[in-house]
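In what follows, a structure is listed as structure tokens, so that the remarks can point back to it.
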Protein chains: 2
Amino acid sequence: MNKDKKPQENTILDIAEALKLSPATISRALNNHPHVKEKTKNDILKMAAQLGYRRNQMASGLRSNKTHTVGLIVPRISMFFHAEVITTIQNSLHKHGYNLIICQSNDLLTMEQELAEILYSSRVDALIVACTLQTTDFSHFNRLVDSGIPVIFYDRVPLDPYNATFIKGDDFRGGYLATSHLIETGGKRIAHISGKLTSNLYQDRTAGYRKAMEQHQLPINEDWVFHQELTHENAREAMSRMFEGPVVPDALFAANDVTAIAALEFAKENGIVVPDALKMIGYSNDPRTSIISPSLSTIEQHPDLVGKKIVEVLMDLLKNGHENAEVKAKPYVIPVDLIRRMSS
Amino acid sequence: MNKDKKPQENTILDIAEALKLSPATISRALNNHPHVKEKTKNDILKMAAQLGYRRNQMASGLRSNKTHTVGLIVPRISMFFHAEVITTIQNSLHKHGYNLIICQSNDLLTMEQELAEILYSSRVDALIVACTLQTTDFSHFNRLVDSGIPVIFYDRVPLDPYNATFIKGDDFRGGYLATSHLIETGGKRIAHISGKLTSNLYQDRTAGYRKAMEQHQLPINEDWVFHQELTHENAREAMSRMFEGPVVPDALFAANDVTAIAALEFAKENGIVVPDALKMIGYSNDPRTSIISPSLSTIEQHPDLVGKKIVEVLMDLLKNGHENAEVKAKPYVIPVDLIRRMSS
DNA sequence: TTGTAAGCGTTATCAC
DNA sequence: GTGATAACGCTTACAA
């Protein structure tokens, strides 16, 4: 098996031999080391190209303790927000000469733990993580952190103090903007379907909701505030519960777009006219929100800015180390924006 | 800088020392080598856990010439079909103890070439590729193929013979099904907006369209057959061109869902009633197609089956080598299905 | 069943 | 500027 697997992978020794130079010089030339004569370097580069030489990352990494590879753990890449963030990160890292290993936790804590181990094992130079919604304990990242490998959390970040860097959207403001918008367009009895409060995302979005309600002296009907897994089915169920009573909401702030879409679907099926009888707003600016009719108002999270900031912070960490631990204490906050559409 | 970066990464030597054994035995135990006493093995496993040992992939890979890592190059992960395929591949590979390095070419040939080099440099055990639409020359994969690294193409595959494995959807049948469906629901003057014919995808889908038209003895108006980049804007432009004449199509087969969505949008804006005046069908079953109204008929490509098949073939290749080159000559074809919705 | 020792391809530390 | 040489942490003949 694999008996044919050895067509002369060229190494620096081959280049050295061809040029009657020492491997050390080859290595230096290939790494742009200053003390190599210009001509020698050119010769080496030419010969390397001619032999089709490609550095063996494993050998290089083993020796230098640098892989030029960054790990990424994300719940799922198919979520629009994450897909955009990842794309920005990858393109940006590529410019800096870094690779990205993208891993999906499927929003499973056990998977996240396992992936952290695997990425440690691959000796990534840094790790970027958007946690699962269940992650409340972060000890599986300790090994990385303790080894001095920068760990950056984004979107879903630890609630308790943890020795890493955080980059998050302004979820409080997002919740506040969304709710205020519903109020300004005439909403009075505003419902809110949110996620479990184990995550900073929903804590903050809900807090923004409460703040806006309070500021406008609108009462909150706690029967209309849901904290549940934000699935299509759960959203429909919540809607049907709210709309079976004698008094019904006239507006809804959904903490993500999947929920908003499901709720809108429910409304359409049940003759609840949007926005006349029910104003609605979602969260994330998923592409579907602009396509559905009526189009859904939502909150733009600027995934590209999140990605850019992550790489910016990461490059700084990688270059300068992170001796200034106090900087990491406070999270970087990326602004959000209200997007007004036909649903409100 | 990084002066604090050495908190005793434990190695097999540390385990060996702690247990008064040789590193070789540790290595064997950790790799489930048969000739290790059960008790010794248990001791070693216990001690490894206690010391928080994690194999250094680079050292292991360098020595054994196996990285247990598979590379993946894809145009963009945010495309629904690819996101699903990737998720299936990753979860499936994970069960086999393999990691996946996901890279995006952004549908740029130069990027694809660069990524191929980088992944070779990382000495991935195998490579999975969905080419860019411009890729007609595949020599940048030669280095991998020549080194005996299995290369699997899926979705967008080389047109000319190339010494690798192909896994594709049944695009001919997809085009045929879509067009036949439009005909069955009453379409007579059927337009077709497709992609550039440099890609097998659009060659085949268009061929399926032509076949169905011919079979039903319907004439094809070549002014209504477009081969262009399948963007939102291009789709709208094609639509406006077709609908400015005195004779207009009564059905449209769009070769992807983005185009179908854009065309539907155009129809709605211009008072063309779908499906009464214009029947429509797209391709890929993008989540948006079921949300837009009227909901769009489309072709399901079963990304999960594609992913499963890829891993299945890959594992076989990795285990048994690929001495039987003739097997690779013919592509594996994944079936497609028609999804009927309100637009047709 | 276990130990010894060589070596994977690079880079770092000395010398010269 | 360049060349020896010794690691990096692990796997694997070959010995014992």
Side-chain angles (χ1 to χ4, degrees), chain A residues 1-2 5-45 47-48 51-69 120-123 125 147, chain B residues 1-2 5-45 47-48 51-69 120-123 125 147:
Chain A
M1 41 186 101
N2 289 348
K5 205 173 188 170
K6 45 173 71 172
Q8 92 282 337
E9 315 246 310
N10 280 320
T11 74
I12 53 171
L13 272 79
D14 297 311
I15 303 179
E17 195 177 357
L19 256 34
K20 303 292 169 208
L21 285 168
S22 83
T25 306
I26 311 297
S27 174
R28 280 189 281 253
L30 260 23
N31 288 305
N32 268 315
H33 194 93
H35 297 303
V36 183
K37 212 205 301 180
E38 208 42 43
K39 175 175 166 19
T40 321
K41 187 164 132 185
N42 287 335
D43 290 351
I44 291 173
L45 258 35
M47 181 55 78
L51 294 179
Y53 169 82
R54 270 269 135 188
R55 168 190 287 117
N56 183 320
Q57 283 285 9
M58 285 179 295
S60 166
L62 176 58
R63 184 59 238 250
S64 67
N65 216 26
K66 281 188 173 24
T67 53
H68 288 276
T69 297
Y120 171 74
S121 185
S122 297
R123 300 297 193 271
D125 287 347
S147 296
Chain B
M1 37 186 104
N2 289 348
K5 204 172 190 171
K6 45 173 73 173
Q8 90 282 341
E9 315 247 311
N10 281 321
T11 74
I12 53 169
L13 272 81
D14 298 312
I15 303 180
E17 196 177 358
L19 257 34
K20 302 291 170 212
L21 286 166
S22 83
T25 306
I26 312 298
S27 174
R28 280 190 280 254
L30 260 24
N31 289 306
N32 267 314
H33 192 93
H35 298 302
V36 182
K37 211 205 303 181
E38 209 43 42
K39 176 176 167 15
T40 320
K41 188 165 131 183
N42 287 336
D43 289 353
I44 291 173
L45 259 32
M47 180 56 76
L51 292 180
Y53 170 83
R54 270 270 132 189
R55 168 192 287 117
N56 183 321
Q57 283 284 10
M58 286 177 295
S60 164
L62 178 58
R63 181 61 235 255
S64 66
N65 215 27
K66 281 187 175 20
T67 52
H68 287 273
T69 297
Y120 172 74
S121 185
S122 297
R123 299 297 192 272
D125 287 347
S147 297

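For clarity, every value in this text was computed on a predicted model and none was experimentally measured. Here is how names work: the chains are called A, B, and so on, in the same order as the sequence lines, proteins then strands, and each is numbered from 1. Just the heavy atoms: all of them, side chains too, but no hydrogens, waters or symmetry mates, feed the values below.
B:Asn42 meets the side chain to side chain contact (heavy atoms under 4.5 Å, CB included) test with B:Glu38; sequence neighbours excluded. Not counting sequence neighbours, A:Arg63 has no partner by the side-chain hydrogen bond (donor to acceptor under 3.5 Å, both in side chains) test. Legend: residues meeting side-chain hydrogen bond (donor to acceptor under 3.5 Å, both in side chains) with B:Ser122, ordered by chain and number and at least two apart, are absent.
Taking the side chain as every heavy atom from C-beta outward, B:Gln57 and B:Thr67 never approach each other to under 4.5 Å. For the pair B:Met47 and B:Leu51, the minimum side-chain heavy-atom distance is below 4.5 Å. Using a 4.5 Å heavy-atom threshold, the side chains of A:Tyr53 and A:Ile26 count as separate. Taking 4.5 Å as the limit, some side-chain heavy atom of B:Lys41 sits within range of a side-chain heavy atom of B:Asn32.
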Contact pattern, 5' to 3', of nucleotides 4-11 of chain C - B, S or - by protein heavy atom under 4.0 Å: B-BBBBBB
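Remark: A:Lys37 NZ to A:Arg28 CZ distance equals 14.0 Å, nearest 0.5 Å.
Mapping heavy-atom proximity under 4.0 Å, the span of DNA chain D touched by chain A runs 5' to 3' from D:dG1 to D:dG9.
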Verdict with reasoning, B:Asn56 to B:Thr11, per side chain to side chain contact (heavy atoms under 4.5 Å, CB included): CA-CA 8 Å; B:Asn56 183 321; B:Thr11 74; over 6 Å; no
Show the numbers, then the answer: is there a side chain to side chain contact (heavy atoms under 4.5 Å, CB included) between B:Arg55 and B:Asn31? CA-CA 10 Å; B:Arg55 168 192 287 117; B:Asn31 289 306; 2.5 Å; yes
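Residues from residues 33-41 of chain A that place a heavy atom under 4.0 Å from any atom of DNA chain D, listed by number: A:His35, A:Val36, A:Lys37, A:Thr40.
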